[in-house]
Amino acid sequence: MEKKPFGLHVNLDSFIPATDADKEYMVQMRPSSTFFKDGVTRLLRNKVASISLIIIILITLISIFLPMFWPYAYDAQLGVQPGKMVDPSFNNLSPFEFGKTELKRIAEGVNVFPHIFGTDSAGRDYFIRVVYGTRISLAVGFFASIIVLIIGMTIGSIAGYFGGKVDLIIMRIVDIIYSLPDMLMVILLASILRVTLSAVLEGTVLEKIGSNIISLFIVFALLYWVSMSRLIRGQILSLREQEYVLAAHAAGAKGSWIIRKHLIPNSISVVIISTALQIPNAIFTESYLSFLGLGVNAPMPSLGSLASDALNGISSYPFRLVIPAIVISLIVLSLNLLGDGLRDAFDPKLNS
Amino acid sequence: MNSKTLMYILKRLGLAILTVWVVITVTFFVMRAVPGGPFLSEKAVSEAATKALEAKYGLDKPIMEQYFTYLKDIVTRFDFGPSIKQRGRMVTDIIADGLRTSVKLGLIAAFAALVSGVVLGSVAALRRNKVIDKVIMVVTTAFVSMPSFIMGTLLLVVFAIQLAILPANGSTSAGLVLPITTLSLYPMAYITRLTRSSMLDVLGQDYIRTARAKGVSGLNIIFGHALKNAMIPVITYFGPMLAYIVTGSLVVEQIFAVPGIGRAYVSSITNRDYTMIMGTTIVLAVLIVVMNLVSDILYKVVDPRITLE
């Protein structure tokens, strides 16, 4: 249709239905990405962080599932059979050695599963003890961090949101706990709580977990929430000045709604990162306490208690120390590197 | 020093005193909460004997009175009472004995960590992204990820048992080499990373470029201009470093059998020597709190650019 150059009527060409070629032009080449997806892509592009992630997943899977298939139990003393004399030939085996009765069975042609790392001084398969100890250490690290997260998040968001006197009082308490020498307090509380708790826990479900681990959790709950709550408070203080919070207020939203729907989702990435970095810290603390004899209850192994037990036979069986030492360092190192990777991937404000 | 700085110091001092008081109070009441009391042992002790012991240690008085006596004795006379398990010895004396060795150990370790950390960190910053920088960063990351007891036992296995070039027992001077190394590796790694990042920050500043433009030589820039400012963040690490060395010495002295306060503390925990646990916890806590205070104040005083709130 011909258009008059000075005419005021609209150009009707613009209203012709789109051709297929036009439509194709409008098709989204890439689906829109969410913040989370974006972060994951960035994380996976980071080689160091991806390798750390793979190592952690591998170690976790092994520590959870391998004990189910392993022919030996972590607390079974192989030399002790019901109704028979204790067979000391099972104690302190070197890697891939066998006990007396096992050698006899091999001579008879039975396939006996090897003791990959040998056995410990009580005749327990050392490999499965390391695997089980890894499981305990990981679980302690994970749950301790979750406890810290929940308590820190609750108190931090209350302080940050309400401000004023509430904030002042909470932050003074945080200041004091923060300046307490944490390790000394941990040792003090752990050494007392385990005595106190073992009497309280007797006969309950929690007894199986052991008074030492529970006291470790309590200590974490008491002392380590402070840095998390400080972090969350800081986040919320900066977030609550944002316009959309004001808008929510104007629309009549209540405090708890704003905390749940606006403040927490917006500070979640920082929280996840510092929780991830808290896990190696907890594993560190647990192994340290185990080494001092304040860790998990025997016969349950943890990486720290395995290293500590190995100290007695250090000159003859150094590998018994080296193995848990390597595992612990590997876990802590990969978690730290993963935490750094997460921070780079999920905290866009840090990219400057 | 202006009034703002003075206010900050006073505030910080108040917090430190409050912290020490909290430590003493928590320690006291936590110890009193132990079921059965300190004299509960494997051997059956007669009722009369327990009574006599409690009277001797003042445990038969009301708890608040005990608390105030304990507090007063510490503040006025630095007296933590007698040890329960080591008959006839005062806790203060045992601690003083142990501290003599441990302070030597800790100071040498801290000094070694500081010097080597600053040197390595500066080298890494100056050779940024070169091979030596990468090597330093990888090694320090590994050191930071290794608990002190593992570091200690590995050093013990390698140098004292496999190679047999250093003694494993820490009661002689030569025997202190391994414990000092163990204690200094983690802080060294930390200071290296700290120095590297702050050095990189400082080297990007305008006044460094000006100095270069004027033709100041490389070494002069480092020692005359950059290092002074790059060292400032390291000051903040003094407090945490001491805390690390104190807690690290608990296990390190155990591993190498060093007759220091750390070993005394650990054995008092296993023996349930309550007065000793209380005394040692408080002394070590005061040490750490004071060091944190000093490094915080020093940090603010040294760098006039830091604003005080």
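Order of the sequence lines sets the chain letters (A, B, ...), proteins ahead of strands, with each chain counted from 1.
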Using a cut-off of under 4.5 Å for heavy-atom pairs, which of Ser308(A), Pro318(A), Gly304(A), Ser179(A) has the most such pairs with chain B?
Ser179(A)
Can you confirm whether more than 12 heavy atoms, excluding those of Phe319(A), are under 6.0 Å from its CZ atom?
yes
Ranked by heavy-atom pairs below 4.5 Å to chain A, first place among Leu18(B), Thr153(B), Leu287(B) goes to Thr153(B)
With a 4.5 angstrom heavy-atom cut-off, could you sort out which part of Ala307(A) is near chain B: side chain, backbone, both or neither?
side chain
In terms of heavy-atom proximity below 4.5 Å to chain A, should Ala285(B) be classed as side chain, backbone, both, or neither?
both
Of all of Leu156(B), Val157(B), Thr141(B), Val251(B), which one pairs up most often with chain A through heavy atoms under 4.5 Å apart?
Val251(B)
Pair Leu154(B)-Leu321(A), side chain to side chain contact (heavy atoms under 4.5 Å, CB included): steps then yes or no:
CA-CA 8 Å; Leu154(B) 288 182; Leu321(A) 172 82; 4.3 Å; yes
Measure Tyr244(B) against the heavy atoms of chain A and call it side chain, backbone, both or neither at under 4.5 Å.
neither
Is it the side chain or the backbone of Leu189(A) that comes within 4.5 Å of chain B heavy atoms, both, or neither?
side chain
So do Tyr265(B) and Ile187(A) actually touch side chain to side chain, heavy atoms under 4.5 Å?
yes
Considering the options Ile328(A), Val332(A), Ile326(A), which one meets the side chain to side chain contact (heavy atoms under 4.5 Å, CB included) requirement together with Ile150(B)?
Ile328(A)
With chain A, the option among Asn292(B), Val20(B), Val289(B), Thr27(B) that has the most non-hydrogen atom pairs under 4.5 Å is Thr27(B)
Is it true that, when you exclude Phe159(B) itself, more than 12 heavy atoms of the residues, nucleotides or ligands shown sit nearer than 6.0 Å to its CZ?
no
Working to the nearest 0.5 Å, report the span between OG of Ser148(B) and CZ of Phe291(A).
8.0 Å
CA sep, side-chain torsions, deciding dist, call: Gln254(B), Leu292(A), side chain to side chain contact (heavy atoms under 4.5 Å, CB included):
CA-CA 9 Å; Gln254(B) 195 78 357; Leu292(A) 292 182; 5.6 Å; no
Go through Met185(A) and Val23(B) one step at a time and tell me if the side chain to side chain contact (heavy atoms under 4.5 Å, CB included) criterion holds.
CA-CA 8 Å; Met185(A) 292 290 116; Val23(B) 169; 3.7 Å; yes
Side chain, backbone, both or neither of Leu294(A) within contact of chain B (heavy atoms, under 4.5 Å):
side chain
Heavy-atom neighbours of Phe217(A) CZ exceed 12 at 6.0 Å
yes
Whatever's closer than 4.5 Å to a heavy atom in chain B on Ile176(A) counts as both
If you count the non-hydrogen atoms of other residues, nucleotides and ligands that lie under 6.0 Å from CZ in Phe142(A), is the total more than 12?
no
Side chain, backbone, both or neither: which part of Leu337(A) has a non-hydrogen atom closer than 4.5 Å to chain B?
side chain
Give the minimum heavy-atom separation between Tyr274(B) and Ile192(A), together with the two atoms involved.
CE2-CD1, 4.1 Å
Verify, without hydrogens or angle tests, whether Tyr288(A) (side chain) and Thr247(B) (backbone) share a donor-acceptor contact under 3.5 angstrom.
yes
Leading residue by heavy atom contact count with chain B [cutoff under 4.5 Å; candidates Ser287(A), Ser191(A), Ala310(A), Ser334(A)]
Ser287(A)
If we define contacts as heavy-atom pairs under 4.5 Å, which of Thr280(B), Val266(B), Leu284(B) has the most with chain A?
Leu284(B)
Decide yes or no for Met278(B) and Leu188(A): does some side-chain heavy atom of the first lie under 4.5 Å from some side-chain heavy atom of the second?
no
Is Ile288(B) close to chain A through its backbone or its side chain, or both, or neither, when contacts mean heavy atoms under 4.5 Å?
side chain
May I ask you to name which of Ile177(A), Asn336(A), Leu180(A) has the most heavy-atom pairs under 4.5 Å with chain B?
Leu180(A)
